[in-house]
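Input: a single structure, listed below in structure tokens.
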Amino acid sequence: VSTVAQLQSAIANLTSNTTIAIANGTYTLGGTLYLPQNIANVTIRGASGNREAVIIKGPGMSNASAPFGFWVDNVNGVTFQDMTIRDFNQHGIIANGGANSITYRNLHIIDIGDQFLKNNPNIGVTDGVDNGVLENSLLEYTTTAPDSYTNGLDVHMGKNWVVRNNTFKNFKASGALAGPAVLIWNGSTDTIVTGNTFIDNQRDISLGLNNTKTFTDHARGTIANNFIIRNNVSGADVSIAVYDSPQTKVYYNTIL
């Protein structure tokens, strides 16, 4: 596809086992792109492989007319790859508990009002998005978040997530404490966070966040070989939090 109209039509009519290849250019959206439900094995990617050459652009963090870039539910196996997503009011991509096996690869996500990649539990709050991967991507604010309600990756009740070889930058708020750049919690399990770089965030990695629930907030994680640096951050908190996450291992990280 090479126009906004073609992109909207391709998403609205997406069927199983299909790839949408987006030509280089800027695609300014006036509303959210909703993937159809009850499909499987789909990919949405930049055609050239250069994530800076395909820009999916919203109306701005303060404009609620397009709260999300992409919305996903009841899709088993979906990949977003090789594009920039920026300037949306709430989330760059929102995936709900009916979605599984989601891959975010080689993305550049910039200036999202709330969570950049939001992965919700289902309506009954009994299951989340499982078997997710976030890799080789850059998630950042140009300067700071508009308020404290933000994360780069937020996963509720998710199983078997892998977060590897990404960069997270400027997850900080003025006069407040921004959420962790990577937050996996609310009954999640078996997360691997490895080989990432974190630059100037107020909080970086948190497996679990709340120990007041009737269930364990996270379990059986690995946080390894990450590099964390802070040069220009005020009001910051802990870099790595293991918060009600039994059997989690924290190995070989560097914090400067």
I'd like a table of donor-acceptor pairs (distance under 3.5 Å, sequence neighbours excluded) in which one partner is a side-chain atom from residues 68-78, with atom names and distances.
from	atom 1	to	atom 2	distance (Å)
Asp73	OD1	Gly98	N	3.1
Asn74	ND2	Gln37	OE1	2.4

Measure the spacing between [atom1] of [X] and [atom2] of [Y] and express it to the nearest 0.5 Å.
X	Y	atom1	atom2	result
Ile85	Leu33	CD1	CG	9.5 Å
Ile109	Gln115	CD1	CD	12.5 Å
Leu107	Ser137	CG	OG	4.0 Å
Asp82	Ser48	CG	OG	7.5 Å
Asn160	Ser101	CG	OG	9.5 Å
Leu256	Ile229	CG	CD1	4.5 Å

Does any N or O in the side chain of [X] come within less than 3.5 Å of the main-chain N or O of [Y], such that one atom is a donor and the other an acceptor?
X	Y	value
Asn131	Asn100	no
Thr32	Tyr34	no
Thr79	Thr43	no
Ser9	Gln6	no
Asn165	Asn136	no

Practice prompt. Take Asp190 and Arg220 through the test salt bridge (Lys or Arg N to Asp or Glu O under 4.0 Å) and record every step on the way to the result.
Written response: CA-CA 5 Å; Asp190 302 290; Arg220 299 184 303 277; 2.9 Å; yes
Worksheet item: Salt bridge between Asp244 and Lys213, side-chain N to carboxylate O under 4.0 Å?
Response: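 Answer for the salt bridge query: no.
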Discussion item. Between Arg203 and Asp237 (salt bridge meaning N to carboxylate O under 4.0 Å), is one present in this structure?
Written reply: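 Result for this pair is no, no salt bridge flagged.
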Would a 4.5 Å heavy-atom cut-off, applied to side chains only, mark [X] and [Y] as touching?
X	Y	value
Ile199	Asn170	no
Asn119	Tyr104	yes
Asp111	Glu140	no
Leu177	Ser148	no
Leu153	Val155	yes
Asn120	Val129	no
Ile55	Arg86	yes
Val242	Ile223	yes

Just by distance, no angles: are the side chains of [X] and [Y] close enough, under 3.5 Å, to form a donor-acceptor pair?
X	Y	result
Asn63	Ser65	yes
Asp127	Asn122	no
Asn41	Ser16	no

Ignoring hydrogens, what is the shortest heavy-atom contact between [X] and [Y]? Give both atom names and the distance.
X	Y	value
Val182	Val193	CG1-CG2, 4.4 Å
Ser2	Ala23	CB-CB, 3.9 Å
His156	Pro121	CB-CD, 3.3 Å
Ile184	His218	O-CD2, 3.6 Å
Gln202	Ala176	NE2-O, 3.0 Å
Leu139	Gly152	CD2-O, 3.5 Å

Flag yes if [X] and [Y] sit in one hydrophobic cluster, no otherwise; membership is Ile, Leu, Val, Met, Phe, Trp, Tyr, and two members link when side-chain heavy atoms are under 4.5 Å apart.
X	Y	value
Val42	Ile22	yes
Met83	Ile11	yes
Ile110	Leu29	no
Tyr243	Ile255	no
Leu117	Ile94	no

Worksheet entry | Asn232/Lys172 under side chain to side chain contact (heavy atoms under 4.5 Å, CB included): CA gap, chis, key distance, verdict | CA-CA 10 Å; Asn232 183 26; Lys172 56 189 177 183; 4.0 Å; yes
Discussion item. Quick one, Thr212 with Asn210, criterion side-chain hydrogen bond (donor to acceptor under 3.5 Å, both in side chains). Give me CA distance, side-chain angles, the key distance, then yes/no.
Written reply: CA-CA 6 Å; Thr212 65; Asn210 185 341; 2.5 Å; yes
Worksheet item: So with a 6.0 Å cut-off around NZ of Lys57, is the heavy-atom count from everything else above 12?
Response: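 Yes, because the 6.0 Å sphere around NZ of Lys57 holds more than 12 heavy atoms from other groups.
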Discussion item. Counting neighbours of OH on Tyr252 that are heavy atoms of other residues, nucleotides or ligands and sit closer than 6.0 Å, is the number greater than 12?
Written reply: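 No, not enclosed.
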Practice prompt. Not counting sequence neighbours, which residues clear ring-ring contact (aromatic ring centres under 6.0 Å, His included) with Phe88? List them please.
Written response: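 Here no residue qualifies.
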side-chain hydrogen bond (donor to acceptor under 3.5 Å, both in side chains) partner of [X], the single match among [options]:
X	options	result
Gln81	Arg45, Arg105, Glu135	Arg105
Asn253	Asn226, Asn196, Thr194, Asp204	Asn226
Lys118	Asn151, Asp154, Asn96	Asp154

Worksheet item: What residues join Leu183 in its hydrophobic cluster, counting side-chain heavy atom gaps under 4.5 Å, either direct or through other members?
Response: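 ILVMFWY cluster around Leu183 also holds Trp185, Leu209.
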Fill in: Tyr141, Phe80, Phe168 screened by ring pair (Phe, Tyr, Trp, His ring centres under 6.0 Å) with Phe116, the one that passes
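One option only clears the test, and that one is Tyr141.
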Item to complete: For side chain to side chain contact (heavy atoms under 4.5 Å, CB included), just list the numbers for Thr191 and Val162, CA-CA rounded to whole Å, side-chain angles, deciding distance to a tenth of an Å, and then say yes or no.
Response: CA-CA 6 Å; Thr191 300; Val162 177; over 6 Å; no
Worksheet item: side chain to side chain contact (heavy atoms under 4.5 Å, CB included) between Thr28 and Val4: does it pass, once the steps are laid out?
Response: CA-CA 7 Å; Thr28 301; Val4 170; 5.5 Å; no
Discussion item. With side chain to side chain contact (heavy atoms under 4.5 Å, CB included) as the criterion, how do Val163 and Ile192 come out once you've worked through the C-alpha distance, each side chain's angles and the decisive distance to 0.1 Å?
Written reply: CA-CA 6 Å; Val163 183; Ile192 297 173; over 6 Å; no
Discussion item. Asp114 vs Thr150, test: side-chain hydrogen bond (donor to acceptor under 3.5 Å, both in side chains). Steps then yes/no.
Written reply: CA-CA 4 Å; Asp114 295 330; Thr150 184; over 6 Å; no
